[in-house]
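In what follows, a structure is listed as structure tokens, so that the remarks can point back to it.
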Amino acid sequence: MRRTALLVDRRFAHHDTGRRHPESPARIEALCELFEAAPLSALPRVAARAATEEELRRVHDAAHVAAVAASAARPHTQFDADTPASSGSFDAALLAAGGAVAMADAILAGDVDNGFAALRPPGHHAEGNHPMGFCLFNNVAVVARHLTDARGLSRVLVVDWDVHHGNGTQHSFYDSDQVLYVSTHQYPFYPGTGRPEETGRGRASGYTVNVPMPAGCGDDEYLAAFRDLVLPLAREFAPEFVLVSAGYDAHRSDPLASMALSTAAFGAMTDALVEVADESARGRVLLLLEGGYDIEALKDSVATSIAHLADPAAFVAGGGELTAWGRLSREALAPYWETL
């Protein structure tokens with residue numbers, strides 16, 4: 001069984017988006033409860049800590065950081081039509097970005113093998129110079145820059161399976177050949193980016209790979225995309241670290257999109273990326289929470305991803321809680337695994 005660490009912090013709920021906003025504190029509260037219950041309660045933890053200005057400034061300009069910091073002095077700030085902030089949002093966003101870096105460092109140090117960071121606010125829409133799409137700071141981009149600029153890695157893979165294209169992440173690395181960014185997403189859809197011809201610039205041409213998919217796609221289409229495109233490219237790149245923008249809004253129950261993924265498919269995609277990490281990255285893979293707005297589907301899908309990070313067979317053998325929860329073991333996922 002792999003040593004899979006978890007990160008969550010109730011202070012993420014201090015980011016108050018308002019009564020009707022889909023990216024609500026209820027998301028993180030549900031995951032706190034999930035992580036506190038068996039079997040996930042037995043997994044090691046990494047504590048969140050605030051990102052430093054240096055860590056943020058590798059991705060975001062000074063005006064962006066200052067604007068988010070200024071929101072702490074007001075009960076409500078509206079960055080765009082979709083992206084509110086409250087007086088507690090800046091601190092929550094610092095903890096999310098810094099916690100992600102702390103988890104990556106724990107994995108690099110060999111304290112744990114891999115991990116899942118349940119972060120809030122999410123990050124992949126945040127651009128270098130402005131918040132956007134529920135996102136204040138771009139957590140996955142901050143981690144990737146930390147790995148390349150501070151830890152000396154030269155090949156970091158970022159796979160984004162959120163139903164929305166990660167425009168901010170793409171733009172953060174559009175000129176970099178140190179980060180391979182691969183996104184599967186519903187298209188056309190918010191935010192409007194993520195066309196196949198968006199492939200990177202200059203020496204980074206080919207290091208951005210977009211897999212736009214029409215509404216209604218489900219397990220077969222996603223797993224075929226992984227088999228035929230994502231995995232061959234990832235293996236050719238031979239990453240030293242694998243990061244995943246793990247959004248669960250492509251689930252068939254999610255209210256904000258029109259995809260049809262099952263809970264089981266998230267386990268299969270996790271397995272595939274763990275395999276890539278085992279081949280070239282010493283097993284170093286970190287999943288960072290992005291979207292997912294049906295609470296029950298979010299809990300089920302996150303639990304499934306974590307089980308497949310840690311090893312589903314070991315979870316079942318250790319007490320059968322996964323089966324009792326209705327999660328799918330590796331044996332139940334055999335048809336998907338064979339497809340991959």
Side-chain angles (χ1 to χ4, degrees), residues 2-9 44-62 64-65 93-119 122-124 126 128 137-160 166 168-182 200 203-204 207-208 233-246 270 273-290 309:
R2 305 178 189 97
R3 296 170 299 161
T4 296
L6 304 181
L7 184 151
V8 73
D9 197 303
R45 302 303 170 100
V46 171
R49 52 92 169 161
T52 66
E53 184 171 357
E54 180 182 7
E55 288 164 348
L56 295 176
R57 287 292 305 278
R58 294 188 184 114
V59 174
H60 300 291
D61 65 26
H64 179 136
V65 176
L94 286 179
L95 287 170
V101 172
M103 177 73 90
D105 278 343
I107 294 169
L108 273 178
D111 299 333
V112 295
D113 297 321
N114 59 37
F116 188 101
L119 307 175
H124 72 153
F137 297 133
N138 194 317
N139 304 316
V140 74
V142 169
V143 175
R145 283 289 185 202
H146 173 76
L147 292 173
T148 58
D149 296 6
R151 295 293 179 254
L153 300 190
S154 59
R155 298 185 310 282
V156 176
L157 171 65
V158 179
V159 174
D160 188 335
T169 310
Q170 172 174 296
H171 294 154
S172 294
F173 302 106
Y174 211 60
D175 298 294
S176 174
D177 60 0
Q178 293 182 302
V179 175
L180 174 63
Y181 176 66
V182 183
R203 68 178 185 179
Y207 286 83
T208 293
L233 286 171
R235 289 190 168 109
E236 182 178 357
F237 184 61
E240 298 166 295
F241 206 110
V242 177
L243 298 172
V244 183
S245 272
T270 302
L273 296 177
V274 167
E275 184 173 302
V276 169
D278 284 344
E279 291 171 1
S280 64
R282 303 180 191 172
R284 300 184 296 208
V285 57
L286 172 58
L287 274 61
L288 309 176
L289 180 66
E290 299 283 1
L309 284 173

Who pairs with [X] by side-chain contact (heavy atoms from CB on, under 4.5 Å), at least two apart in sequence or on another chain?
| X | result |
| --- | --- |
| Ala238 | Arg155, Ser280 |
| Ala5 | Pro44, Val46, Met103, Val112 |
| Ala104 | Val143, Leu147, Phe241, Leu286 |
| Glu53 | Arg57 |

Quick one: [atom1] on [X] to [atom2] on [Y], what's the gap to the nearest 0.5 Å?
| X | Y | atom1 | atom2 | value |
| --- | --- | --- | --- | --- |
| Phe237 | Asp177 | CZ | CG | 8.0 Å |
| Thr4 | Leu287 | OG1 | CG | 10.0 Å |
| Leu273 | Leu157 | CG | CG | 7.0 Å |
| Tyr181 | Ser176 | OH | OG | 14.0 Å |
| Arg235 | Glu275 | CZ | CD | 4.5 Å |

Could you walk me through whether Ser245 and Glu290 pass the side chain to side chain donor-acceptor pair (under 3.5 Å) check? CA-CA 6 Å; Ser245 272; Glu290 299 283 1; 2.9 Å; yes
May I ask you to test the [X]-[Y] pair for a side-chain heavy-atom distance under 4.5 Å?
| X | Y | value |
| --- | --- | --- |
| Val276 | Pro239 | yes |
| Val244 | Val242 | yes |
| Ile107 | Val285 | no |

Please answer whether the main-chain N or O of Glu240 pairs with a side-chain N or O of Arg284 as donor and acceptor at a distance below 3.5 Å.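 Yes: the side chain of Arg284 pairs with the backbone of Glu240.
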Quick one: does Asn114's side chain have a donor or acceptor within less than 3.5 Å of a partner on Leu309's backbone? yes
For residues [X] and [Y], report the shortest heavy-atom separation together with the two atoms involved.
| X | Y | result |
| --- | --- | --- |
| Asp160 | His124 | OD2-ND1, 2.7 Å |
| Arg151 | Asp105 | NE-OD1, 3.0 Å |
| Asp278 | Gly283 | OD1-CA, 3.4 Å |
| Tyr174 | Thr208 | CD1-OG1, 3.7 Å |
| Gln178 | Leu153 | NE2-O, 3.8 Å |
| Ala51 | Ala97 | CB-CB, 3.9 Å |

Go through Arg49 and Val101 one step at a time and tell me if the side chain to side chain contact (heavy atoms under 4.5 Å, CB included) criterion holds. CA-CA 9 Å; Arg49 52 92 169 161; Val101 172; 3.4 Å; yes
Result of checking Val59, Asn138, Leu56 against Arg145 for side-chain contact (heavy atoms from CB on, under 4.5 Å): Val59
Candidate list Leu119, Thr169, Val179, Val159, test side-chain contact (heavy atoms from CB on, under 4.5 Å), partner Val140, passing option: Thr169
Taking atom CZ as the centre, does Arg282 end up with more than 12 heavy-atom neighbours from other residues, nucleotides or ligands that are less than 6.0 angstrom away? no
Could you list the residues that satisfy ring-ring contact (aromatic ring centres under 6.0 Å, His included) with Phe137, not counting sequence neighbours?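 Once residues adjacent in sequence are excluded, the partners of Phe137 under the ring-ring contact (aromatic ring centres under 6.0 Å, His included) criterion are His60, His64.
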Can you name the salt bridge (charged side-chain N to carboxylate O under 4.0 Å, His left out) partners of Asp61, sequence neighbours left out?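 Once residues adjacent in sequence are excluded, Asp61 has no partner under the salt bridge (charged side-chain N to carboxylate O under 4.0 Å, His left out) criterion.
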